[in-house]
> 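Handing you this structure, nothing more for now.
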Amino acid sequence: MDCCIAIVGATGLVGRTVIKILNENQMFSYNYLLFASEKSKGKKLKIGDKKIMVKTLSSCNFLSKKIDYALFCTDENISKKYIPLFTKNGTKVIDFSSYYRHKYPLIIPEINSNKIKGKIICNPNCSTIAGLMSLYKIHQMYGLKRIVYSTYQAVSGAGQKALDDMKTTNNKKLKKLDFVIKDNLIPYIGEIFSNGYSKEENKMIYETKKILGDKTINVTATCVRIPISVCHSESINFETKKRVSLKEIETLLNNSNGVCVFNTYKNYPMPINVRGKNFVAVGRIRKDFTNKNSFNIFVVSDNLRKGSAQNAVQILQCLLRSKK
């Protein structure tokens, strides 16, 4: 197929996961361009039978090429600098950073694929994706009045340098994290704002309301970095607007696209049995007896897959289908 797809940040944790998922889905009939930093220039990554050489954006006149779609597996600074150049050249961009999330559509295909439009589409926060995959049908049927997120997020969410930090107990040798993570946890993710909430917490609060299209939901969050490599976990307490039984909640979760329920003793969701999977696992489903119409669930997803790369590839597949 005469269609060109660029992957920017192709050699990072998320970029490599994107390529792995493209291979798993046998998406071989497209022309791919791979971009990364200077230190990755010249490396070759395999998509299908083709070994594709990695280039740098600064050394390549990408504006002379017709690029249909670009996946920006990058931080805010790279997205801010280069995405306008791509879109000006007619490229539709799926952005993994948070830079454009307030202005452009935030997409979880199982929830709001009908909102995919324009030249910039944003991948939501990884923990927001997992939480809303679990809560969406409940909100559709009974309305959500209040959500309390408590997250336990893997170090890979902060990138390869943070994973390197897992090996050290010396604060002076840390590359990414503020504190040693080995045998520790860090009770915030991202900078702390004047309202006392961290950047990650504010993302979850804002993105939940935007994706569900309901500003009246009361949302609060506490986000914690924990010393595991992959998979984010969340304890979620929620209150519905309408009366609903525990059985009805369980039925909705069992019928939610992309969600697998693990709700028996010794078979609850854990990172060790969700790593490498594309679904969101939900368990510990129970009533909160302290508040009317309130429930607790425990959610786990692979933050590099459904929390990031898999979600973006699904958006790309929607774009490719609409082109046909």
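Note that these values count all heavy atoms, side chains included, but never hydrogens, waters or copies made by symmetry.
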> Taking Ser198 for the side chain and Glu201 for the main chain, is one N or O donor matched with an acceptor at less than 3.5 Å?
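Yes: the side chain of Ser198 pairs with the backbone of Glu201.
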> Between Thr168 and Asn170, is there a side-chain donor-acceptor contact under 3.5 Å, judged purely by atom types and distance?
no
> Just checking Lys287: does its NZ atom have more than 12 heavy atoms from other residues, nucleotides or ligands closer to it than 6.0 angstrom?
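Atom NZ in Lys287 is crowded, with more than 12 foreign heavy atoms closer than 6.0 Å.
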> For Lys119, does the NZ atom sit with more than 12 other heavy atoms under 6.0 Å from it, leaving out its own atoms?
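For Lys119, atom NZ is crowded (more than 12 foreign heavy atoms under 6.0 Å).
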> I need the Ile226 CD1 to Cys231 SG distance, nearest 0.5 Å.
9.5 Å
> Hey, what's the ring geometry for Tyr206 with His102, parallel, tilted or perpendicular (30° and 60° as the breaks)?
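Because their plane-to-plane angle is under 30°, the rings of Tyr206 and His102 count as parallel.
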> With a cut-off of 6.0 Å (strictly less than), are more than 12 heavy atoms of other residues, nucleotides or ligands near NZ of Lys92?
no
> Just jot down the side chain to side chain donor-acceptor pair (under 3.5 Å) partners of Glu234, sequence neighbours excluded, or say none.
none
> If you define the side chain from C-beta out and look only at heavy atoms, does anything of Cys3 sit under 4.5 Å from Asn31?
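No, their side chains stay 4.5 Å or more apart.
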> As a test of understanding, state which of Met204, Arg225, His232 forms a side-chain contact (heavy atoms from CB on, under 4.5 Å) with Thr151.
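By the side-chain contact (heavy atoms from CB on, under 4.5 Å) criterion, Thr151 pairs with just one of Met204, Arg225, His232: Met204.
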> Quick check on Asp183: does its CG atom have over 12 non-hydrogen neighbours (other residues, nucleotides or ligands) under 6.0 Å away?
no
> Would one find more than 12 heavy atoms of other residues, nucleotides or ligands at under 6.0 Å from atom NZ of Lys145?
no
> Examine distances only and state if a side-chain atom of Lys137 and a backbone atom of Asn255 form a donor-acceptor pair shorter than 3.5 Å.
yes
> Can you name the closest pair of heavy atoms from Leu22 and Tyr32 and give their distance?
CD1-CE2, 3.7 Å
> Determine whether more than 12 heavy atoms belonging to other residues, nucleotides or ligands lie under 6.0 Å from atom NZ of Lys209.
yes
> Would you name the heavy atoms of Leu13 and Gly159 that are closest together and state the gap between them?
CD1-C, 3.5 Å
> Are any non-hydrogen side-chain atoms of Phe96 and Thr74 less than 4.5 angstrom apart?
no
> Is there a side-chain contact between Asn254 and Val259, using heavy atoms and a 4.5 Å cut-off?
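Not in contact.
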> Apply ring pair (Phe, Tyr, Trp, His ring centres under 6.0 Å) to Tyr197 and list each qualifying residue two or more places apart in sequence or on a separate chain.
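Tyr197: no ring pair (Phe, Tyr, Trp, His ring centres under 6.0 Å) contacts found.
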> Are Lys167 and Asp165 close enough for a salt bridge, meaning some N to O gap below 4.0 Å?
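Salt bridge flag = no for Asp165 with Lys167.
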> Asp214: which residues meet the salt bridge (Lys or Arg N to Asp or Glu O under 4.0 Å) condition with it, sequence neighbours left out?
Lys241
> Indicate yes or no: at least one non-hydrogen side-chain atom of Met133 is less than 4.5 angstrom from one of Glu110.
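Side-chain contact under 4.5 Å: yes.
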